[in-house]
Asker: 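Pasting in a structure now, in structure tokens, and then I'll have a few things to ask.
Below, chain A is the first sequence line, B the second, and so on; all start at residue 1. Please read these numbers as outputs of a predicted model, since none were measured by experiment.
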Number of protein chains: 2
Amino acid sequence: MAQRTRADALSRERIVEAAVALLDADGERGLTFRTLTERLATGPGAIYWHLANKGELLDAATDSVIADALTAEPGVGSPQDEIRAVALGLFEAIDRHPWLSTQLAVQLSRSPWGTVTPRIFESIGRRVSALGVPEATWFTATSALVHYIFGAAGQNAANAQVLRFGGTDRAEFLRAAVDAWEGLDPGEFPFLKSIAGQVREHDDREQFLTGIDLILTGITAQGRS
Amino acid sequence: MAQRTRADALSRERIVEAAVALLDADGERGLTFRTLTERLATGPGAIYWHLANKGELLDAATDSVIADALTAEPGVGSPQDEIRAVALGLFEAIDRHPWLSTQLAVQLSRSPWGTVTPRIFESIGRRVSALGVPEATWFTATSALVHYIFGAAGQNAANAQVLRFGGTDRAEFLRAAVDAWEGLDPGEFPFLKSIAGQVREHDDREQFLTGIDLILTGITAQGRS
DNA sequence: ACCTGAACACCGTTCAAGT
DNA sequence: ACCTGAACACCGTTCAAGT
């Protein structure tokens, strides 16, 4: 077959874009070299000309989506407000692209200080340094926020993935989870039983932001002491 | 070949034990049905008699290691001290078994309220409810702690994995990371540059616990208001 | 009931060959 | 320089057959 014309030429960006679309549509198992080459009407060798391997493709897809979420900069406000806005932007990006929850962990374990973590640290940390707490606490405070964001968004994305592919709705899903605890040895999970009502009624986004506020309160309270 | 004698009979537990050993030795890619059946001197069909598929095997491995970490109960102390002890136990389990960092995310996305999350919620939450803050805040406070633990331990495990298999030591690793930022566009990462020194000298475990304290401070401060 | 092991479908990756 | 596509090694899983 003839070579591609300039208009439909492959590029790293076009490949990454197609990969994100496949991941969004069908989750992690939706992206294989077969589905990808079919969508791009090419062969596997063409992909390998632009990227080293599948890991690099997944890293690039992750990085592209996270970068988008971070460049939608929040309006100017107090450092607290801006931190809330950046955190919520990440939370929503992970909600829209649930495959990120697994992928962030994988990429982290491949190269912990690759490109995503520094980007997020920088965005959050810049606002932490404007909170008026001692410089010696900046790194720890930023770490606490970033780790919380990763953990909470991961849990949320996990929920989102099950809701999207599992064929159940949110109410049914939460009820099933709570029912499962109640079926457990009653003496073993007293705390979970006591908060079952709160779990059934909570709003994920709101709870996520309350957690951010909790940490912000801790940062400024410790910074003053 | 003759069937196994009772002494070396297979069981779910023996299979999970072998899987954990393989994961500890060589990370995620160390566990395949080939390596597993070789180690157990059996065939793939035998594994499938005891477990439904590889996902269930990984879930069981994860669950077994986390359960171990949580049953090493801390001595009696203030709720704060006990929360610190439980958190540190999880942190160290993930440090000893770095494959958990990826696996927790994967398992979460398969069944968010499976067996690991409730166990951890219960252990942390029971102590949160002893802090003397309003019951309405228990769920959110516990979520914040658990998500922070997941996020922070994940990052730490990622570091541990690179240090173990990457052939570099910690000082070199941190220096390389910091050097990488400094090589970046100087105007793009001013915050990271400003804390480079703190990053180079920080102790992971200590920073993790400081983050726990930060959140505990936030919980009790908000609880009072 | 528990295990064996050949066979299958699918995956990421390579590479000689084309333009 | 960029792309094609057959071929390869490896993986998780199945299943008819054995004890």
Asker: A:D26: what forms a side chain to side chain contact (heavy atoms under 4.5 Å, CB included) with it, not counting sequence neighbours?
Answerer: none
Asker: With respect to A:Q103, which candidate in A:L108, A:V65, A:L58 satisfies the side chain to side chain contact (heavy atoms under 4.5 Å, CB included) definition?
Answerer: A:L58
Asker: Can you give the dot-bracket line for DNA chain C, using ( ) for pairs inside the strand, [ ] for pairs that cross earlier ones, | for pairs with another strand and . for unpaired bases, where Watson-Crick and G-U count if both distances are under 3.5 Å?
Answerer: ||.|||||...|||||.||
Asker: Rounded at 0.5 Å granularity, tell me how far CD in B:E82 sits from CD1 in B:I124.
Answerer: 10.5 Å
Asker: Going by the side chain to side chain contact (heavy atoms under 4.5 Å, CB included) test, name the single residue among A:I120, A:T117, A:I94 that passes it with A:L104.
Answerer: A:I94
Asker: I need the residues from residues 100-107 of chain B with at least one non-hydrogen atom less than 4.0 Å from DNA chain D; give them sorted by number, or say none.
Answerer: none
Asker: How many Å lie between CD on A:E38 and C1' on D:dC3, as a whole number?
Answerer: 18 Å
Asker: Measuring from A:E17:CD to A:L40:CG, what's the distance to the nearest 0.5 Å?
Answerer: 9.5 Å
Asker: Identify, between A:G45 and B:A46, the residue whose nearest nucleotide on DNA chain D lies closer to the 5' end.
Answerer: A:G45
Asker: Can you tell me if B:T35 uses its side chain to pair, donor with acceptor, with the backbone of B:T32 under 3.5 Å?
Answerer: yes
Asker: Walk me through it: do A:R170 and A:D204 pass the test salt bridge (Lys or Arg N to Asp or Glu O under 4.0 Å)?
Answerer: CA-CA 11 Å; A:R170 188 187 144 84; A:D204 288 320; 2.8 Å; yes
Asker: Looking at A:E172, I want to see if its CD is surrounded by more than 12 non-hydrogen atoms of other residues, nucleotides or ligands under 6.0 Å.
Answerer: yes
Asker: Hey, can you tell me if A:F208 and A:Y148 have their rings parallel, tilted or perpendicular (30° and 60° cut-offs)?
Answerer: parallel
Asker: Calculate, to the nearest 0.5 Å, the distance between atoms CG and CD1 belonging to A:L88 and A:I212 respectively.
Answerer: 9.0 Å
Asker: Restricting both atoms to N or O, compile the protein contacts to nucleotides 9-11 of chain C shorter than 3.5 Å, with distance only.
Answerer:
none

Asker: Please report the distance, rounded to the nearest Å, between CZ in A:R14 and P in D:dC2.
Answerer: 15 Å
Asker: Under the criterion salt bridge (Lys or Arg N to Asp or Glu O under 4.0 Å), I'd like the reasoning laid out for B:R126 against B:E122: C-alpha separation, chi angles, the key distance, then a yes or no.
Answerer: CA-CA 6 Å; B:R126 209 176 289 182; B:E122 178 67 30; 3.0 Å; yes
Asker: Check the distance between C:dC2's C1' and B:L51's CG and give it to me in whole angstrom.
Answerer: 14 Å
Asker: Sequence neighbours left out, what passes ring-ring contact (aromatic ring centres under 6.0 Å, His included) with B:F150? Give chain and number order.
Answerer: none
Asker: For the atom pair CD (B:Q155) and CD (B:Q207), what is the distance rounded to the nearest 0.5 Å?
Answerer: 9.5 Å
Asker: Taking only the side-chain nitrogens and oxygens of B:W49, find out if one of them lies under 4.0 Å from OP1 or OP2 of C:dC3.
Answerer: no
Asker: Using whole Å, report how far CG of A:N53 lies from P of C:dT14.
Answerer: 8 Å
Asker: Whole angstroms only, please: what is the CG-P distance between B:L36 and D:dT13?
Answerer: 12 Å
Asker: Nearest-Å distance, CZ (B:R12) to P (C:dA1)?
Answerer: 19 Å
Asker: Would you call the rings of B:F191 and A:W138 parallel, tilted or perpendicular, where under 30° means parallel and over 60° means perpendicular?
Answerer: tilted
Asker: Separation of A:I47 atom CD1 from C:dT13 atom P, in whole Å?
Answerer: 12 Å
Asker: Can you tell me which nucleotide in D:dC3, C:dT4, C:dC3 comes closest to the side chain of B:T42?
Answerer: C:dT4
Asker: Just the rounded figure in Å: distance from C1' of C:dA6 to OH of B:Y48.
Answerer: 15 Å
Asker: What residues in residues 20-28 of chain B put a non-hydrogen atom under 4.0 Å from any atom of DNA chain D?
Answerer: none
